[in-house]
Protein chains: 2
Amino acid sequence: MKKRTTIDDVAREAGVSRQTVSRAMNGMDGISVHTRDRVLETIDDLGYRPSRLARGMASSQSQTIGLIIGNIIDPAQANVVRGLNDAAEAKNHNVFLRNSDNIAARELEALKSLTAENVDGIVITSPSLPAKTLTSFADQNCPIVVVHREVTAKHVSSITTNTERATRTVVEYLIGAGHQHIGLITRMGDVEQIRHVWGYKETLVNRNLPYCSSRIAQADTNLKGGYEAAYKLLSKDKNLTAIATYNDLMALGAMKACADLGRAVPADVSIIGYDDIEFASHIKPSLTTLRFQGYDIGCSAFERLMEMINRPEEDFPPVILNIELVIRDSTCTIY
Amino acid sequence: MKKRTTIDDVAREAGVSRQTVSRAMNGMDGISVHTRDRVLETIDDLGYRPSRLARGMASSQSQTIGLIIGNIIDPAQANVVRGLNDAAEAKNHNVFLRNSDNIAARELEALKSLTAENVDGIVITSPSLPAKTLTSFADQNCPIVVVHREVTAKHVSSITTNTERATRTVVEYLIGAGHQHIGLITRMGDVEQIRHVWGYKETLVNRNLPYCSSRIAQADTNLKGGYEAAYKLLSKDKNLTAIATYNDLMALGAMKACADLGRAVPADVSIIGYDDIEFASHIKPSLTTLRFQGYDIGCSAFERLMEMINRPEEDFPPVILNIELVIRDSTCTIY
DNA sequence: TTGTAAGCGTTATCAA
DNA sequence: TTGATAACGCTTACAA
């Protein structure tokens, strides 16, 4: 239990003032090269590390950001966490993580607690909260980056795919492969869910195929949700030959439902996911899916947030990510 | 962009001193019920939230702990994060997360940076680092809870299963089911890996079955690692009828290898995992595995760490968790 | 029961 | 190029 080494210890040891030490370690100018080197060496000798707390107090920048995530058990989202964490670490920033379980009330609670913790900014993925709530927090001196949903406002910026377009891509692909009876497994009500359904409906209508809301099932965005939704869909509509899902977890759940119902994938039913988690390619049959680059998106979200913190008055247009369809063995052509 | 509400604002508004506000909000005594209520009301009116930074500075307790995890993409580990986060949130604590990718050097880096960040304590899962390194950090006024490995020292405490015993349970079960040629997929060198191999070897020897080191493969503890290890094992030893793995991810990878090699699970090869992640029961065939209660363990790790922080001089004996074998469809009896 | 004063370890501001 | 001094928002110790 030794006492903490402080900036004053370094100053005394190096025979300079506290402020000079500060200048040296923060790479500010107004200090001679010679002095800086000596101070840096002393810092090293003493194993000195500045206190984040004291820094935060003095500079009113905590070097800490918040990350609110729906479900960390989902590997796609875990990848966002990993990317954001690595990017933050590289810039000497810390991350407070909050798991919302995709519940709006918990997102709100997380937003409140994080702002109270003096974080410099917040990244939130697939929020269920209304845009208005988000912007009200952003106005309180706390920029927000929204991942996986488009929200445009002062101090708010988005990094997202175009869900509607992505869904069109998927459904087009299935129709092109000869499927006429396509089911959709989507998440519970929220803006993204509406876009998901739109993309689906629109494509069917454009292609002169019947649209039928009974072929849409809403469920929790996890294995169990996907399983139950697919089970229901396939049980009540024997004609379905394909199902598109909101994410890979749901797709894998749907594959299990097919197995339990004695429907072969892809021979009887084609399944298509969204995310391309590692499991997608390590399962039999491997999963056709849309690729979501979670890790990179986590990094980008951090970079974007830093820009917003450093240039508060600037507007940052949303980043719309490209989507890539990865065709594997869970889908096939029918005649 | 409004200015932060401080304790002084509350004090002024309530017509009391700063100290009285502090007493009221921290539930200390030496304050009249009447005054407290008035102060609390003012706090509420003003929407005041104390600054974690200032608190940390003044009390030299940051209300923040560190969590170093091997691989957050692994759902079993993600569950630990979730449990620990929820427990911490309930006690108004924050968590700094570090992903080590199971690399000892990154664990060390994380340990260094976290202690520099004035965390009150650290939880680390399955560390590769030598016990000595861990204890040296613990001595620096930073208690450590080690999950998934037993380390006993002053200011260090463990929550773990007995890997050796767990492995014995698994191998006994397989032998009892008639298997005589059992392979083992384990992680890269580390204390736990040695225990894993011991439990395996010991059981074989006790049951008078040949032990053969070529039936052991070491790999990364993920899907790819499990896939490659199983592929190698099954290719070079056609007699194997069962494989025990270090975790479910590796087991699922192994199942894919079986599929690619045209070996049916469980008819030709029985596979057994460790963790019981959600996928284990949502895959075809469902995975026989040992249950690891990640969420609860995360909670316990936090509680334990709080105890250690509050009672620094006390010794905390390791918690050895019970293991439960969950028999599903990836294993079968052979004759 | 309440208030006053002195830190905690930095950065920011201004003076030398 | 440097250094002294004042914040930052809170807790702790002590005085009233």
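All chains are named by letter (A, B, ...) in the order of the sequence lines, taking the proteins before the strands, and each is independently numbered beginning at 1.
- Proximity note for Pro50(A) (side chain, C-beta onward) versus dC10(D), dT2(C), dT10(C): the nearest is dT10(C).
- Ring planes of Phe96(A) and Phe96(B): parallel class, angle under 30° (limits at 30 and 60°).
- Across all strands shown, Ser60(B) has no heavy atoms under 4.0 Å from either base or sugar-phosphate atoms.
- Side-chain polar atoms of Asn118(A) and Ser62(A) form no donor-acceptor pair below 3.5 angstrom.
- For Ser22(A) and dT11(C), the shortest distance from a side-chain N or O to OP1 or OP2 is below 4.0 Å.
- Between Ala54(B) and Ile31(B), it is Ile31(B) whose nearest contact on DNA chain C lies nearer the 5' terminus.
- When each of dG3(D), dT11(D), dG9(C) is scored by its nearest atom to the side-chain atoms of Ala58(B), the top-ranked nucleotide is dT11(D).
- In the region residues 33-47 of chain A, proximity to DNA chain D at under 4.0 angstrom, judged on heavy atoms, holds for Thr35(A).
- Residues Asp74(A) and Asn222(A) fail the side-chain proximity criterion, which asks for heavy atoms closer than 4.5 Å.
- When rounded to the nearest whole Å, the span between CE of Met28(A) and C1' of dT10(C) equals 12 Å.
- If you take CG of Asn118(B) and P of dT10(C), they are 9 Å apart, rounded to a whole angstrom.
- Atom CD in Gln61(B) sits about 21 Å away from atom P in dG7(C), given to the nearest Å.
- Using a 4.0 Å heavy-atom distance criterion, Asp29(A) is classed as making no nucleic acid contact.
- Distance check: Gln63(A) CD to Leu53(B) CG gives 10.5 Å after rounding to the nearest 0.5 Å.
- Contact annotation: Ser59(A) does not reach the phosphate of dA12(C) (side-chain N/O to OP1 or OP2, under 4.0 Å).
- dG9(D) atom P lies 11 Å from atom CD1 of Ile7(B), rounded to whole Å.
- Donor-acceptor pairing under 3.5 Å, judged by distance alone, is present between the side chain of Arg23(A) and the base of dG3(D).
- The nearest whole Å value for the distance from the CZ atom in Arg12(A) to the C1' atom in dG9(C) is 13 Å.
- A salt bridge between Glu192(B) and Arg149(B) is absent, with no side-chain N of the basic residue lying under 4.0 Å from a carboxylate O of the acidic one.
- The interatomic distance linking Met25(B) (CE) with dT12(D) (P) rounds to 11 Å, in whole Å.
- Listed pair Thr6(A) / dG9(C) fails the phosphate criterion, with no side-chain N or O lying under 4.0 Å from OP1 or OP2.
- No donor-acceptor contact under 3.5 Å links the side chain of Arg18(B) to the base of dT4(C).
- Ion pairing of Arg106(B) with Asp86(A) is present here, as a side-chain N (NZ or NE/NH1/NH2) and a carboxylate O approach within less than 4.0 Å.
- Scanning atom types as modelled, no donor and acceptor separated by under 3.5 angstrom connect the side chain of Gln19(A) and the base of dT5(D).
- Under the 3.5 Å distance criterion, with hydrogens and angles disregarded, no donor-acceptor pair is assigned to the side chains of Ser136(B) and Thr133(B).
- No donor-acceptor contact under 3.5 angstrom links the side chains of Asn92(B) and Arg52(B), judged on distance only.
- Nucleotide dT11(D) holds its P atom 14 Å from the CG atom of Asp120(B), rounded to whole Å.
- Of the candidate nucleotides dG3(C), dT11(C), dC10(D), dG3(C) has the atom lying nearest to any side-chain atom of Thr20(B).
- Computed from coordinates, the Met57(A) CE to dC10(D) C1' distance equals 7 Å when rounded to whole Å.
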